Every structure is written in structure tokens, then in C-alpha cells.
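Indexing begins at 1, ligand by ligand and atom by atom, following the structure's order. Note that the coordinates shown come from a computational prediction; the quantities given were computed from them, not determined experimentally.
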Amino acid sequence: MDLLLFGPPGAGKGTQAKLLVEALGVPQISTGDMMRAERSSGSELGQRFDAYMSKGALVPDAMVLELMEKRLRQDDASEGAIFDGYPRTVEQAEALHGLLGKLGRRIDRVVSIEVSLDVILDRVTGRRVCLDCGQTYHVRYSPPPESGVCAACGGSRIVQRKDDVEDVVRNRYEEYKAKTEPVLAYYQPRGVVVAVDGTGSLEEVSARIMAAIEGAAKGA
Ligand code: AMP
């Protein structure tokens, strides 16, 4: 199955994608995670990504396409994938359609996770992340241990991502409204879009997403 988790930054796409990996037996493909990994490696490509990411701007489509062409050729993605944070423009959606088409695949379901800007600002500016294992925390809802030591991996580098500060989050949201929301209109006529309420607990949202995917499996 090729599933697309769609929604504004802070909708919970990454967290929900991780929960689905085991249930669906296909990998999560997050362009944001891939770009952050490239940036942490200190490569020249990573520095080029950072010039956009640090401002909350989208990385140009051609660079994203190159990244995705390589990723979809890897064995673990041969049966499908959970795309999270991609495609973010109509051009990227068209490019993905071409890439999947060559493999005899298509996006089976687009789950659109709906949350308001207020909820996003609260979630994202409060988010903290472990640089060593990617575990996320929230200063109020799931605070990192007082010791500063990550409960998941024992690392001691729990930080606020530099694109999670309010000004940058607002820019990311503006980019989403202008360039990414139209992606939904691209998929709508294909009959694959289901909207789910993204507020509430992780488990509640996850159950709604599973119900939306089961609908796809039954051809609903
Ligand atoms: P994310 O973690 O998915 O919110 O992505 C963080 C940042 O990486 C975004 O604000 C963009 O600067 C960049 N980015 C991630 N995925 C894409 C994409 N598909 N197209 C363009 N830029 C992206």
C-alpha cells in the first residue's frame, strides 16, 4: 500500500506514520527526516537544504525529486510506503505520480489530518526532540526527563528543532496554505482522500487513521 499522510506542520504526520509502519509493513518516507539527516552529516547538500529549512521555506522541487528517486529505488520500499511531509507542492505530486507509475503503483489513500493553527503552534513550539534517536517530547504533554537524559536511548541531546520556533512555524504554515494545500485538490478527483480529525490523543487519532485506511483496503 502507498499511503500519504497529509496535513499542516504539527498535524502529527510523523508520529502517526511511525505508528503505522509496523501495522502496514511498509517504511515511512519523510523528506523532512531525510533532509535533517543530510544536514546533520554536514554535507554540501545538507547545507543547501538548511538555507531553506531554517527559514521555514520549502526546498525546491528539483532537489526533492532527486532525493525521492533514490529513496524509492531502495528495496524496503518495493511494496509500498507511508509518505509523510511529501508531496508538498502540486509539482511534487505530479512527479510522485510518475515515479510510482513506473513501478506500477499509485497512491491508494490520502489521509488528511485536520488541526487548527492554534493547536499547531502549541504542539510545535512545545516540541523537543532527541538528536540521537529522534524521540519527541512536549514540554507540557510528555516532558523530557528532568535529568535531560533521553528515556528512549540514554542520549543527552534533547533540543528544540530550530524550525520549531514560533516565527518559523508561522512561515511553515503560510507555505503550507499557499503551496501544499492545493495538493489535496490534486488528489480529490481520484477519490482517495479521507479527512480525519487530528485533535485528541495519539491513540484516538491513530484509530481514526486506521479506520480510514481500512476503508481504502476494502475499496471504499
Ligand atoms: P518537516 O519535518 O516535514 O516539517 O520538514 C521540515 C522542513 O524541511 C520544511 O519546513 C521544508 O523546509 C523542508 N521540507 C521537508 N519536506 C519537503 C518537501 N517535500 N518539499 C520541500 N521542502 C521540504
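Looking only at distances, a side-chain donor or acceptor of Q160 sits under 3.5 Å from a matching main-chain atom of T125. Between the side chain of D84 and the backbone N or O of Q28, no donor-acceptor pair lies under 3.5 Å.
For atom 1 (P) of ligand 1, the closest non-hydrogen atom on the protein side is R88 NH2, 3.5 Å. Here the protein heavy atom with the shortest distance to atom 16 (N) of ligand 1 is T31 OG1, 2.7 Å. With hydrogens left out, the protein atom closest to atom 11 (C) of ligand 1 is A57 O, 3.5 Å, a heavy atom.
Contacts between E175 and ligand 1, counted as non-hydrogen atom pairs separated by less than 4.0 Å, are absent for every part of the residue. In D84, neither the side chain nor the backbone holds a heavy atom less than 4.0 Å from any atom of ligand 1. Using a 4.0 Å cut-off between heavy atoms, M35 contacts ligand 1 through its side chain alone, with no backbone atom that close.
Interface of G32 with ligand 1, defined as ligand atoms under 4.0 Å from a residue heavy atom, comprises 2 (O), 3 (O), 5 (O), 15 (C), 16 (N). Close approach to Y86 involves these atoms of ligand 1, each under 4.0 Å from a residue heavy atom: 19 (N). With ligand atoms numbered from 1 in the order given, ligand 1 contributes 19 (N), 20 (N), 21 (C) to contacts under 4.0 Å with heavy atoms of V64. The atoms of ligand 1 that sit less than 4.0 Å from any heavy atom of Q92 are 18 (C), 19 (N), 20 (N), 21 (C).
Put simply, CZ on R109 and CE on M1 are 7.5 Å apart, with the number rounded to the nearest 0.5 Å. With values rounded to the nearest 0.5 angstrom, T136 atom OG1 is found 10.5 Å from I158 atom CD1. Distance CE/M210 to CG/L24: 6.0 Å, rounded to 0.5 Å.
Pairing each heavy atom of A152 with each of Y137, the nearest pair is N-OH, 4.0 Å.
Here's the thing with R36: one of its N/O atoms is less than 3.5 angstrom from an N/O atom of ligand 1. Remark: ligand 1 and V59 share an N or O pair separated by less than 3.5 Å (distance only, no angle test). Residue contacts with ligand 1: G85 is placed with a nitrogen or oxygen under 3.5 Å of a nitrogen or oxygen of the ligand (distance criterion only). Checking only distances, R172 does come within under 3.5 Å of ligand 1, N or O to N or O.
Side-chain contact check for F83 versus T31: every heavy-atom pair is 4.5 Å or farther apart.
Under the 30°/60° scheme for interplanar angles, the aromatic rings of Y141 and H138 are found to lie parallel.
Taking a 6.0 Å sphere around CD of E79, one finds it holds 12 or fewer heavy atoms contributed by other residues, nucleotides or ligands.
Not a single heavy atom of E91 sits less than 4.0 Å from an atom of ligand 1.
Judged purely by distance below 3.5 Å, without hydrogens or angles, the side chains of R190 and Y186 pair a donor atom with an acceptor atom.
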